[in-house]
S.K.: 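Quick one: structure below, then a few questions.
Order of the sequence lines fixes the chain letters, A, B, ..., with proteins taken first and strands second; residue numbering starts at 1 for each chain.
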There are 4 protein chains.
Amino acid sequence: MNAAKTSETGSRSSPRGRIDKRQAILDAAFRVFARDGYGQSCVREIADEARVAKPTVYNHLGDKETLFHEALQAAVGRTVDRSLAALDKLRGSEGDLRATLEEVGHLLLQNHCCAESQALRRLLNAEAARFPDLLNEIQSAGAQRIQNALADRLARLALAKRLNIADPEQASEQFLALLTGPMELRSRLGTRQVPDTELRSVAGAARDTFLLAYAPQGEAD
Amino acid sequence: MNAAKTSETGSRSSPRGRIDKRQAILDAAFRVFARDGYGQSCVREIADEARVAKPTVYNHLGDKETLFHEALQAAVGRTVDRSLAALDKLRGSEGDLRATLEEVGHLLLQNHCCAESQALRRLLNAEAARFPDLLNEIQSAGAQRIQNALADRLARLALAKRLNIADPEQASEQFLALLTGPMELRSRLGTRQVPDTELRSVAGAARDTFLLAYAPQGEAD
Amino acid sequence: MNAAKTSETGSRSSPRGRIDKRQAILDAAFRVFARDGYGQSCVREIADEARVAKPTVYNHLGDKETLFHEALQAAVGRTVDRSLAALDKLRGSEGDLRATLEEVGHLLLQNHCCAESQALRRLLNAEAARFPDLLNEIQSAGAQRIQNALADRLARLALAKRLNIADPEQASEQFLALLTGPMELRSRLGTRQVPDTELRSVAGAARDTFLLAYAPQGEAD
Amino acid sequence: MNAAKTSETGSRSSPRGRIDKRQAILDAAFRVFARDGYGQSCVREIADEARVAKPTVYNHLGDKETLFHEALQAAVGRTVDRSLAALDKLRGSEGDLRATLEEVGHLLLQNHCCAESQALRRLLNAEAARFPDLLNEIQSAGAQRIQNALADRLARLALAKRLNIADPEQASEQFLALLTGPMELRSRLGTRQVPDTELRSVAGAARDTFLLAYAPQGEAD
DNA sequence: AATGAATGAGATTTCATTCAT
DNA sequence: AATGAATGAAATCTCATTCAT
């Protein structure tokens, strides 16, 4: 995205011209795939969007499938990094757990609902059957990693007696489900941009239910 | 498949003949779309699968987009009916709520994870951007209807003091989220068949968390 | 060739429209392949030459390789039939053997040097490595069959004491070699049309040498 | 192959360096053309086989057609030299003519059937129509020169009364025809490697027939 | 002199759709 | 109503060739 803009400046002869061009192609590819789906996207359109000739795409990425792979992997990397950063706020067992849980939930939801993540999910869903390997790679490097990281944090909080959790994996799974589950319908499978107040409301409700179920007796509310 | 065979009998002029043939085409279309996606499916393959010549498909359904519409709407009808039937078990405010909730959750999950529902979800995700109207129709006739029906049942149970629910819409949304949210990862976006014991375990956990959050004090466990 | 012209007349709705069209495509294909070689020919040109849309070619023949196969096999059929007909003149053990041998040789040479045969040979040579199966089929159905048929005739003549031949296969091979061997150079690998007087002269020389080698003592000249 | 390695040593500025590289490219080109044909070969493959970058090929040889020209001319030079060397054995009018004829025939056949000659013939056949000038150059510098050289030797032998030949050109043509004519079928147009015993047998048969036709009365056998 | 990168042109093949029967 | 045949349009991918370094 912004890489494309960067390559505008000095795309003539900069020493990292190739990197810029490869990145520009991947960005363009993701945009086009997100807009039209894999089957309906054509390489010519991607090349045009990247301001590059068609064979250049093939020189850099090999074929359409590889292009899809790489474009999605780049995107998943970005989105997972953002979610892991949000989870960092749960480090440390002090502070207002109630507030922190809502803040983290809200950040996760924002990331879950940003245009890039939604497009990514739609593409994965669409092509899951066609590219099972890609799916496995991306899910284990993506959603699974986030769920594990959250389980780690919850386990620490359980040790610190801030939460009453027997199975951190399940608790993590359920907290994430309470956040993202409602979004499928509310965002119309990712085609509608959900307003931030709505995200905040869902995050709040998730926190409430989660704490009712997992907070120790005295701290519930 | 057998619809095609049925249409053999009396395909000449019986009023059933045309309906059968139309149905055979729609069934075949859904199977092919589910297998290959919209963009990768070709009408010839659908015609072959329906044991019909290509122009016959056009005669009956008009064009590929219409075919997609109709095939998906037929499938969504089937799947929603199954889920609504499951929700009927929540009618009446007596009986073992704990057991009923798990049973209903389990049935909903089974329906959510059957091959047809998974394919339907994949197709909708894939083509959401391309057919926004179809998406709206289907979601409001599908997931939304189920969520509403569950909210109705929960409201009745709240009235009967069996549950402590302020906002039945939200409770419904969260119960469904606790059921289906975990399936995204566990079923690998619908490409892996989740064993029934796993479904039962997820349904049990959903019920537990739901009751911890929404059961009146005395009845919690 | 003439089939194309035939299909001109009444190509609209004749009951054998398909046959005509398939034949027109095969003829056009042979012409184009002969002119440009396999690799340089493009299906579009063949379709244009056959006055047909490109996909029609694919509907009838499948792909470019199959097209090549079929076009060559049709041509080899025609040319072999002509050569076998020429060999029929050697049936019967009476008459002027000297004159008959020259006449048969001349006919074989004419067939060997006609534009179609030369193109066929050039194409086979060119693509022998690429289509070894085709080559085997065509050679055994072509040159080999002619050589066998000639060997049969020579064996009869040997039995009738008109020739002094121990090994009819070898004699047949050598008679054909004396005819066609010189043509490689004289016809510039089939790119030059050899005048008929030259063919007659080569046929005469072949007959002379053949008879000097294989005629019984008394009948030599 | 080893030419490429040789050019490693001192490829910087030695006068041999460029020649070696040019030769390596020509060798690689012949191998690739022989394997895939002109139309199916791509310059990149040639460059790879020569261990050289693509533009280097263009720097040295200009374009693909020129490359084809030069590669074939180099190959034809090698093969003709071998055949002329074989014909030298017919110099001098003494010795066992019967044995010498077979030996020479055998050598000519070996050269005719070696992989390089067969590939050369295939390529010429394939592209005869496309490169008529190349064909003329190569045939007059190749097959024609050999036929002339053999005619010279036969004329000498006729003068020395060792053979009874009125037209040395025709006798030369026929001897060569008796040798190479049978090879077309036996070698499957150059795709089958003919065993040496078979070559020897064909050479013997050619010599026998040739001598029956052209030996003076007393020396016939 | 040699090369990595880029490109315009064009190849094969497939698809949705329509005629004529 | 149902179909075999035909087609215009477009997709993926490759190739010969040229810049800029």
S.K.: Please map the stems of DNA chain E, keeping only stretches of three or more Watson-Crick or G-U wobble pairs with both distances under 3.5 angstrom.
M.R.: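 Detected stem regions: E:2-21 with F:2-21.
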S.K.: Taking atom C1' of E/dT18 as reference, at what distance in whole Å does atom CG of C/N59 sit?
M.R.: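 Those two atoms, CG and C1', are 14 Å apart.
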S.K.: Starting at CG of C/D48 and ending at P of F/dG8, how long is that distance when rounded to a whole Å?
M.R.: 11 Å
S.K.: Side chain of C/K54, base of E/dT13: donor and acceptor closer than 3.5 Å?
M.R.: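 Answer yes: a donor N or O sits under 3.5 Å from an acceptor.
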S.K.: The criterion is side chain to side chain contact (heavy atoms under 4.5 Å, CB included); which residues satisfy it with C/R130, sequence neighbours excluded?
M.R.: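 Listed in chain order: C/Y38, C/E127, D/Q40.
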S.K.: Without decimals, in angstroms, what is the distance between C/D20 CG and F/dA5 P?
M.R.: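 The answer, rounded to whole Å, is 13 Å.
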S.K.: Who passes side-chain hydrogen bond (donor to acceptor under 3.5 Å, both in side chains) against D/E137, sequence neighbours left out?
M.R.: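 Here the qualifying residues are D/Q73.
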S.K.: Whole angstroms only, please: what is the NZ-C1' distance between C/K21 and E/dA20?
M.R.: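 My rounded result for the distance is 12 Å.
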S.K.: Sequence neighbours left out, what pairs pass salt bridge (charged side-chain N to carboxylate O under 4.0 Å, His left out) with at least one residue falling in residues 68-77 of chain A?
M.R.: A/R22-A/E70
S.K.: side-chain hydrogen bond (donor to acceptor under 3.5 Å, both in side chains) with A/T66: which residues, sequence neighbours excluded?
M.R.: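 Result, side-chain hydrogen bond (donor to acceptor under 3.5 Å, both in side chains) vs A/T66: A/D63.
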S.K.: Does C/H60 put a side-chain nitrogen or oxygen below 4.0 Å from OP1 or OP2 of F/dA6?
M.R.: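 Yes, within the criterion.
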S.K.: Would you call the rings of A/F131 and A/H69 parallel, tilted or perpendicular if under 30° counts as parallel and over 60° as perpendicular?
M.R.: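 Taking A/H69 first and then A/F131, their aromatic rings stand perpendicular (interplane angle over 60°).
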S.K.: If only atom types and distance count, is the side chain of C/K64 paired as donor or acceptor with the main-chain N or O of C/S41 below 3.5 Å?
M.R.: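 Yes.
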S.K.: Which nucleotide in the list E/dA16, E/dA6, F/dA6 gets nearest to the side chain of B/Y58?
M.R.: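 Closest of the options to the side chain of B/Y58: E/dA16.
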S.K.: Strictly below 4.0 Å: does A/T56 bring a side-chain N or O up to OP1 or OP2 of E/dA5?
M.R.: no
S.K.: Please identify each residue that fulfils salt bridge (charged side-chain N to carboxylate O under 4.0 Å, His left out) with B/E116, with sequence neighbours left out.
M.R.: B/R78, B/R82
S.K.: Any residue in residues 36-46 of chain D with a heavy atom nearer than 4.0 angstrom to DNA chain F? Just list them by number, or reply none.
M.R.: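 Contacting residues: D/S41, D/C42, D/V43.
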S.K.: How would you list, by chain and number, every residue that makes a side chain to side chain contact (heavy atoms under 4.5 Å, CB included) with B/A126, sequence neighbours excluded?
M.R.: A/A126
S.K.: Quick one: list whatever passes side-chain hydrogen bond (donor to acceptor under 3.5 Å, both in side chains) with D/N59, sequence neighbours left out.
M.R.: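 Expected list: none.
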S.K.: Quick one, which residues of residues 62-73 of chain B touch DNA chain E with a heavy atom under 4.0 Å?
M.R.: B/D63, B/K64
S.K.: Which residue pairs pass the salt bridge (charged side-chain N to carboxylate O under 4.0 Å, His left out) test with at least one member in residues 36-49 of chain A, sequence neighbours excluded?
M.R.: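 Salt bridge (charged side-chain N to carboxylate O under 4.0 Å, His left out) check on residues 36-49 of chain A returns A/R31-A/E49, A/R35-A/E45, A/R35-A/E49.
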S.K.: Under the side-chain hydrogen bond (donor to acceptor under 3.5 Å, both in side chains) rule, collect the residues that match up with D/R122, sequence neighbours excluded.
M.R.: none
